[in-house]
Amino acid sequence: MPATVFADIAVPLPIHQLFTYEVPDELQDSIVPGMRVLVPFGNRRLVGIVVRNHSEGVQPGDATDLKRLFAVLDQTPLIGPRLLELGSWVSSYYLAPPGEAFRVMLPPGLLSKSVVTDLDRHWPVRKQLAIAAIGDQGEQKISGRQEQALGKLRTCSLPLLLTEAAKLGIAASVLRALSTKGLIRIEPTEVMRSPWSATNIQDGPVRRHVLNEEQQAAFRLISEGLSAGSFQSLVLHGVTGSGKTEVYLNAISQALSRGRTALLLVPEIGLTPQVARYFQSWFQDDAAILHSGLSDGERFDQWRRIKQGEARVVIGTRSAVFAPLENPGLLIVDEEHDGSYKQEETPRYHGRDTAIKRAHLENAVVVLGSATPQLETYYLATSRHQYGYHRLTSRIQERPLPTVRLVDMRVEFQNRGKAAVISEVLEEAIRLRLERGQQVLVLLNRRGYSPLLLCRSCGTTEVCNQCSISLTYHQETNRLCCHYCGYSRGVPKKCGNCGKEYLYFVGEGTERIEELLSQRFPKARLARVDRDTVQRRGSMARILSDFAAGKIDLLVGTQMIAKGHDFPRVTLVGVLAAEQSLRLADFRSAERTFQLLLQVAGRAGRGDQPGEVIVQTYFPNHYSVKYACAQDYEKFFQQEIGFRRMFRYPPFAALANIIITGKDRERTEEQAAGVVRILIEERKLQSHEERMRFLGPAPAVRERLRGEYRFQVLIKTTSRPELHRVLEALTARLKEVGGTGKGISVDVDPVSLL
Ligand code: ADP
Ligand code: ZN
């Protein structure tokens, strides 16, 4: 008698464990890890993922209690062995329920209940009518038009979609007639939904360049890594405009020619359609694209093309790190410092760090590229030699970096008073560029018209009841909006507190700047890019393509305009309120300010004409503003790393942020205190007070969010293994404080503490 077979299953629920099921005899030959199965769970049925099969592992005697799984849903595993390993790593490293870790690896919906009720529909492919076969005419009499149509069809490869046949000028009535006579067979055929449309910002093939010496050296390093066939990592630190993309594309070709597949991660495809377009132009049918802007169907199709080996290279955002590529040899993380690589909900993984882990598992090369590497990355590369390091020190064709001018807004304000939102220096500089037919970017990292509605009589500001944060006025909708929860309401005439009519807008956002600029430069063609203007699909691509085509002179926007764009006609970048992000109470705010300023400055002077940057600030002496203006990463790093060392922040400590949320303030605070109690007990067992410290419980910076109270406990430690042991113990004991897994979340390696 064969031994009983058991399967450990991850179910799509917020539960921190796998569940063991007995596999019925008739399914034992067909069940393989990575497949979906249908299992009983309580009185429900769930679709789970098989993580492993075994014949022991259960305590003797327990086996009788185990339920049997109902069915195996796939013929081949959806998740291969390496990715199963990666998913298990994500689950344990980020303290995420395994079911949720595996769920993000799959296209949406594959673990959903509709799959359970309708098994036939669990592959939601799209079908369209197509001509599948052409029959023998034999003795049949057909008309001239039909004859002609048949002739044309014989030259086509089948199946041919009816929509394609129409493009050849074959009328539908002719096809119908041919079909009735049995001369062609029409049947539904699967079609792939094409996701590239949003990325075509210019037409025609892209130009390929001969790599310059520095690019060549970077390319060689990656190639050597590829030929070694073992795990290698490389930080590619290249100033803005040094041609990193060209290095990536060449390296990917190299990986392909060695029989491996490749992955390029980018922060947000909608924001930088250019890179996607290069990618598609280089790799054509070999290329797949994955990002959250795709419809579920498109995502599903792309995923399947990769899985079936039809697409061997993938460009995508964060979750594309889980793309089902077979044997990837090269994983590139572009703009590795970008905060969008961190998922801010369960599983709270970091795309870059997960890519590094995946490269380990696959014996692949991982490249981390940036003009402003995250502090930890740079430190690990240069001080600890944990990663290889290569620098691209100059721009393509020896173009100079832009010159930067600082405008001290305190002085400007003394001279011109409140009118001084846009300084004289900046206004003059814009005028000059417009006269010369050059383009200008203006950055203000705050959307809306005005961030504050203030009563000048009693000092009250309008706040969101759900989030206790100031409501931003939006002129376009004429409403006050909460930027955290989306709540909005009309603009009151009178102060809600004192009833007087002294309500004033204070401060400005991008809408207001757009208005000011259009008043000062009425002839300029002006556009705005922020989350409000790009909500509709494709609208960002349209604005960027108009800008690239020279149909827009002046582009105002939030940090969205700072990302990797390459617009050769931009010769001036203006930055308003450069110090804005410094006001946030977060240990990364200096770093973020520095990165944003350096990145946006990098948009200027990428063509034949040199670029200029004008930075307006009330805070000209802050080191992150100063060194960004000097475009000196080294100096910024030296100063910032000193603070990190002194206050024990990464890379000198590992962090985990535990956030406790709930409707009732007192109960939530109590829970938070309970969490700390458990942590202190566990620290006694696992660690040492010197090595592991707890900060909190304290109200979170955003104390109220969407109507819930938030408390946080920050763990700082110099020992990662101890951190994980303590967090695992905490996870196992959450029930003691009434934690459901939803109200208490653990963020390992948080990117933001806000
Ligand atoms: P980065 O991402 O490093 O800021 P990009 O990859 O956007 O820089 O490259 C800047 C510009 O230089 C692009 O227009 C690119 O096509 C062009 N370019 C890249 N490499 C070369 C080269 N070797 N010769 C000429 N132009 C190049
Ligand atoms: Zn709100």
Side-chain angles (χ1 to χ4, degrees), residues 201-202 204-219 235-252 264 266-267 271-279 281-282 315 332-338 367-373 390-402 448 451 461-472 474 479-489 544 548 562-570 573 595 598-608 611 631 633 702-710:
I201 74 158
Q202 292 157 337
V206 303
R207 262 183 61 200
R208 296 193 184 197
H209 301 284
V210 178
L211 298 183
N212 67 24
E213 249 169 61
E214 281 187 331
Q215 288 174 312
Q216 192 68 47
F219 172 73
V235 172
L236 186 57
H237 185 176
V239 297
T240 54
S242 55
K244 292 183 285 295
T245 316
E246 206 81 6
V247 175
Y248 301 154
L249 295 168
N250 279 283
I252 292 170
L264 172 58
V266 294
L271 296 187
T272 48
Q274 257 161 345
V275 179
R277 208 177 76 80
Y278 272 72
F279 194 84
S281 163
W282 272 62
I315 186 171
I332 299 170
V333 186
D334 188 24
E335 313 289 2
E336 64 84 31
H337 65 277
D338 198 285
V367 176
L368 313 178
S370 177
T372 51
H390 181 74
R391 193 145 197 175
L392 303 175
T393 55
S394 57
R395 284 187 155 182
I396 290 297
Q397 294 170 338
E398 310 297 317
R399 283 171 199 145
L401 282 170
T461 56
E462 290 288 321
V463 294
C464 172
N465 301 333
Q466 299 282 305
C467 305
S468 54
I469 168 146
S470 300
L471 293 170
T472 300
H474 286 250
R479 289 180 85 76
L480 296 172
C481 301
C482 172
H483 283 184
Y484 289 150
C485 73
Y487 163 84
S488 79
R489 66 166 180 257
L544 293 181
K563 312 233 166 171
H565 311 292
D566 186 38
F567 299 118
R569 267 173 290 193
V570 172
V573 169
Q595 286 166 344
L598 207 73
Q599 289 288 344
V600 75
R603 300 314 113 207
R606 295 168 76 96
D608 301 333
Q631 298 173 82
Y633 182 91
R702 288 170 189 163
E703 191 181 344
R704 242 163 96 66
L705 197 62
R706 297 182 188 90
E708 296 202 307
Y709 291 93
R710 302 167 81 232

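Remember, it's 1-based here, ligands and their atoms both numbered in the order they're listed.
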A.B. asks: Please indicate whether any nitrogen or oxygen in Glu246 is less than 3.5 Å from any nitrogen or oxygen in ligand 1.
C.D. replies: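 Min N/O separation from ligand 1 is not below 3.5 Å for Glu246.
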A.B. asks: Is it the case that ligand 1 has an N or O less than 3.5 angstrom from some N or O of His209?
C.D. replies: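 Right, the criterion is met.
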A.B. asks: Is Thr240 close to ligand 1, meaning an N/O of one under 3.5 Å from an N/O of the other?
C.D. replies: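 Thr240 vs ligand 1: no N/O contact under 3.5 Å.
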A.B. asks: Mind checking whether Gly238 has a heavy atom under 4.0 Å from ligand 1?
C.D. replies: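 The answer is no, since Gly238 has no heavy atom less than 4.0 Å from ligand 1.
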A.B. asks: Can you tell me, to 10 degrees, how wide the angle at the Zn ion (ligand 2) is between SG on Cys467 and SG on Cys485?
C.D. replies: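 Rounded to 10°, it measures 110°.
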A.B. asks: Relative to ligand 1, is Val210 under 4.0 angstrom through side chain, backbone, both or neither, heavy atoms considered?
C.D. replies: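 Within the 4.0 Å criterion, Val210 contacts ligand 1 through backbone atoms alone.
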A.B. asks: Can a donor-acceptor pair be found, under 3.5 Å and without considering hydrogens, that links the side chain of His390 to the backbone of Glu214?
C.D. replies: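 Checked: pair present.
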A.B. asks: If you measure from each heavy atom of Arg207 to ligand 1, is any distance below 4.0 Å?
C.D. replies: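 No heavy atom of Arg207 comes that close to ligand 1.
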A.B. asks: Please work out, at 4.0 Å between heavy atoms, whether the side chain, the backbone, both, or neither of Tyr278 comes within that distance of ligand 1.
C.D. replies: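 It is the side chain that gets close, since no backbone atom is under 4.0 Å.
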A.B. asks: Is the ring centre of His337 less than 6.0 Å from the ring centre of His237?
C.D. replies: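 Judged by ring-centre distance (under 6.0 Å), His337 and His237 do not meet the cut-off.
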A.B. asks: Out of the candidates Arg702, Arg704, Gln466, only one should pair with Tyr484 under the side chain to side chain donor-acceptor pair (under 3.5 Å) rule; please name it.
C.D. replies: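 Among Arg702, Arg704, Gln466, the one meeting side chain to side chain donor-acceptor pair (under 3.5 Å) with Tyr484 is Arg702.
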A.B. asks: Pick one of side chain, backbone, both or neither for how Gln274 approaches ligand 1, counting any non-hydrogen atom pair under 4.0 Å.
C.D. replies: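 Neither part.
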A.B. asks: How does Thr245 reach ligand 1, by side chain, by backbone, by both or by neither, if only non-hydrogen atoms under 4.0 Å count?
C.D. replies: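 The answer is both, backbone and side chain.
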A.B. asks: Just need the protein heavy atom nearest to atom 11 (C) of ligand 1, so name the residue and atom and give the distance.
C.D. replies: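 It is Asp566 OD2, 3.5 Å.
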A.B. asks: Within the structure, does Arg399 bring an N/O atom to less than 3.5 angstrom of an N/O atom in ligand 1?
C.D. replies: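 No, since none of the N or O atoms of Arg399 sits under 3.5 Å from an N or O of ligand 1.
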